[in-house]
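To keep things clear, I will list the structure first and then write my remarks on it.
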Protein chains: 2
Amino acid sequence: MKYERKISEAVIKRLPRYYRFLEDLMNMGISRVSSKDLSVRTGLNPSQIRQDFYCFGGFGLQGYGYDVESLFNEIKKILGLDTTYNLVIVGAGNLGQALAKHIPQQKKGFKVVGIFDVKSSLLGAKIGDIEIMHIDKLGECIRENNVDIAALTVPGNYAREAAEMVIKQGIKGIWNFAPIELKENPDVVIENIHLIDSLMVLGYKISNK
Amino acid sequence: MKYERKISEAVIKRLPRYYRFLEDLMNMGISRVSSKDLSVRTGLNPSQIRQDFYCFGGFGLQGYGYDVESLFNEIKKILGLDTTYNLVIVGAGNLGQALAKHIPQQKKGFKVVGIFDVKSSLLGAKIGDIEIMHIDKLGECIRENNVDIAALTVPGNYAREAAEMVIKQGIKGIWNFAPIELKENPDVVIENIHLIDSLMVLGYKISNK
DNA sequence: TAGATTGTTAATCGATTAACAATC
DNA sequence: TAGATTGTTAATCGATTAACAATC
């Protein structure tokens, strides 16, 4: 067995992209693909594609290329998508409600098991087939449903305390939509979606070319 | 005047983060900050922070540091936030509607001037103070309101044609939420928010430490 | 003046790309 | 076998970090 070096963040971030393209290829009935083919489709360099797969041991056959389905399944396994991740949404505003409906539609192995807020006017409302509950019930929900991920969609000024709270309840990953920086630590990993930051970058790019 | 090298994407992506932190400092009444202070707050290396500002000419004073307000204003200007960007939302599903409400709340100089769909059941509904309109009206809206940005929140299978359409209407930047890769070209810049990709990365990180 | 901190160049580090032997 | 394409090492490139002279 091959010595396991730490896989860089850059490589990880490309995996979902491969995954999507391979799914498309399968749907088109294509069973075989070379790094050069994938390069044309994804816009990535073929050497880079081979390097990426090589990180995990290499899934191809010399002189042939890659078998689409088995490559798809390998990446699926690496990303942990062969099991379901349960998640809760903390903050039932616009964004939280939209995610509660959006995630199940994508059918990618992520299940929303609860959505929480403190605002009494929201409590009890149904979003899809789940009900907005008071944040007091969050800990219970996490423990009963084996929840790994908390999506944080609260206003910025509550975000830090909400993050501390879900960490205390034993959450392993935070999908953060609030405009604050959260520090990773050995117990919790963070993925930030800074929507407005992204809009600002877009604005910059528009203005500068 | 200093020779202008192309600013790297990595630098641009850090600017909104600085912007946010400087805004916080202003709100706290702090008028002066050093790269070392900023480093502690942002988690970035102080050399990197100075390098980043140096790209744009350097905004500090040796022996003193940076004046919070003037640094804030410089970054504001670089990001083009001293003017308003008008944007339209293409796709009035969960995500599109949520963005239509979310963006104005953030008060960062982005104005939603229209939201469009093809689904007749959605047409006419009010989201905040704007009405969902048929996609046929999109071109007209873009021309009348000097629209720079289109947020793409349509289902994946319509995304490519929707992108081509807004490009044809003269849009300068696409904020893409669909799970496809769009190619930049000299006329159009792209910012992708691949929500599910980000969830997958979070899943990977959770499973691997 | 002495101390602090930037502006700026140089060194380091890591990620991307190129090259090619291995091998199907 | 000849052709194709990977696995794998080496070279290149760019981004991050370190160092320190300039200067407030």
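In what follows, chains carry the letters A, B, and so on, assigned in the order in which the sequence lines appear, proteins first and then strands, with residues in each chain numbered from 1.
The NZ atom of B:Lys13 sits 18 Å away from the C1' atom of D:dT16 (whole-angstrom rounding). For the pair A:Tyr66 OH and D:dT5 P, the computed distance is 12 Å after rounding to whole Å. The separation between B:Phe59 atom CZ and C:dT8 atom P is 12 Å, rounded to whole Å. To the nearest angstrom, P of C:dT9 lies 10 Å from CD of B:Gln51. One can place CG of A:Asp52 at 12 Å from P of D:dG7, the figure rounded to the nearest angstrom.
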Sequence neighbours left out, cut at 3.5 Å: what donor-acceptor pairs do the side chains of residues 178-199 of chain B make with other protein atoms?
| residue | atom | partner | partner atom | Å |
| --- | --- | --- | --- | --- |
| B:Glu181 | OE2 | A:Arg20 | NH1 | 2.9 |
| B:Glu181 | OE2 | A:Arg20 | NH2 | 2.8 |
| B:Glu184 | OE2 | B:Ile190 | N | 3.3 |
| B:Asn185 | OD1 | B:Asp187 | N | 2.7 |
| B:Asn185 | OD1 | B:Val188 | N | 3.0 |
| B:Glu191 | OE1 | A:Ser198 | OG | 3.0 |
| B:Glu191 | OE2 | A:Lys205 | NZ | 2.9 |
| B:Glu191 | OE2 | B:Lys13 | NZ | 3.4 |
| B:Asn192 | OD1 | B:Asn176 | ND2 | 2.8 |
| B:His194 | ND1 | B:Ala178 | O | 3.3 |
| B:His194 | NE2 | B:Ile180 | O | 3.4 |
| B:Asp197 | OD1 | A:Arg20 | NE | 3.2 |
| B:Asp197 | OD2 | A:Arg20 | NH2 | 2.7 |
| B:Ser198 | OG | A:Trp175 | NE1 | 2.9 |
| B:Ser198 | OG | A:Glu191 | OE1 | 3.1 |

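For B:Lys36, the side-chain contact (heavy atoms from CB on, under 4.5 Å) partners at least two apart in sequence or on another chain are B:Ser34. With sequence neighbours left out, the salt bridge (Lys or Arg N to Asp or Glu O under 4.0 Å) criterion links A:Asp37 to no other residue. Shown here are the side chain to side chain donor-acceptor pair (under 3.5 Å) partners of B:Glu23, two or more places apart in sequence or in another chain: B:Lys108. A search for side-chain contact (heavy atoms from CB on, under 4.5 Å) contacts involving B:Gln48 returns B:Arg14, B:Leu44, B:Asn45, B:Asp52, not counting sequence neighbours. Partners of B:Tyr19 according to the ring-ring contact (aromatic ring centres under 6.0 Å, His included) rule, which considers only residues two or more places apart in sequence or in another chain, are B:Phe72.
DNA chain C is contacted by no residue of residues 15-38 of chain A, taking any non-hydrogen atom closer than 4.0 Å.
Contact between the side-chain N/O atoms of B:Tyr54 and the OP1/OP2 oxygens of C:dT9 is found at a separation under 4.0 Å. For A:Arg50, a side-chain nitrogen or oxygen approaches OP1 or OP2 of D:dT6 to under 4.0 Å.
One end of the helix from C:dG3-D:dC24 to C:dC24-D:dG3 points its axis 10° away from the other end's axis, with each axis taken from 5 pairs and the angle rounded to 10°.
Within the structure, every pair that satisfies the salt bridge (Lys or Arg N to Asp or Glu O under 4.0 Å) test and touches residues 137-157 of chain A, not counting sequence neighbours, is listed here: A:Asp148-A:Lys172. For residues 63-73 of chain A, the set of pairs meeting the salt bridge (Lys or Arg N to Asp or Glu O under 4.0 Å) definition, not counting sequence neighbours, is empty.
Rounding to the nearest 0.5 angstrom, the gap separating the CG atom in A:Leu22 from the OG atom in A:Ser70 is 9.5 Å.
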Identify all pairs in which a protein N or O lies below 3.5 Å from an N or O of nucleotides 21-24 of chain D, and state each distance.
| residue | atom | partner | partner atom | Å |
| --- | --- | --- | --- | --- |
| D:dA22 | N3 | B:Gln62 | NE2 | 3.1 |
| D:dT23 | O4' | B:Gln62 | OE1 | 3.1 |
| D:dC24 | O4' | B:Gln62 | O | 3.3 |

Show me the protein contacts with nucleotides 13-15 of chain D, counting only N or O atoms at under 3.5 Å.
none

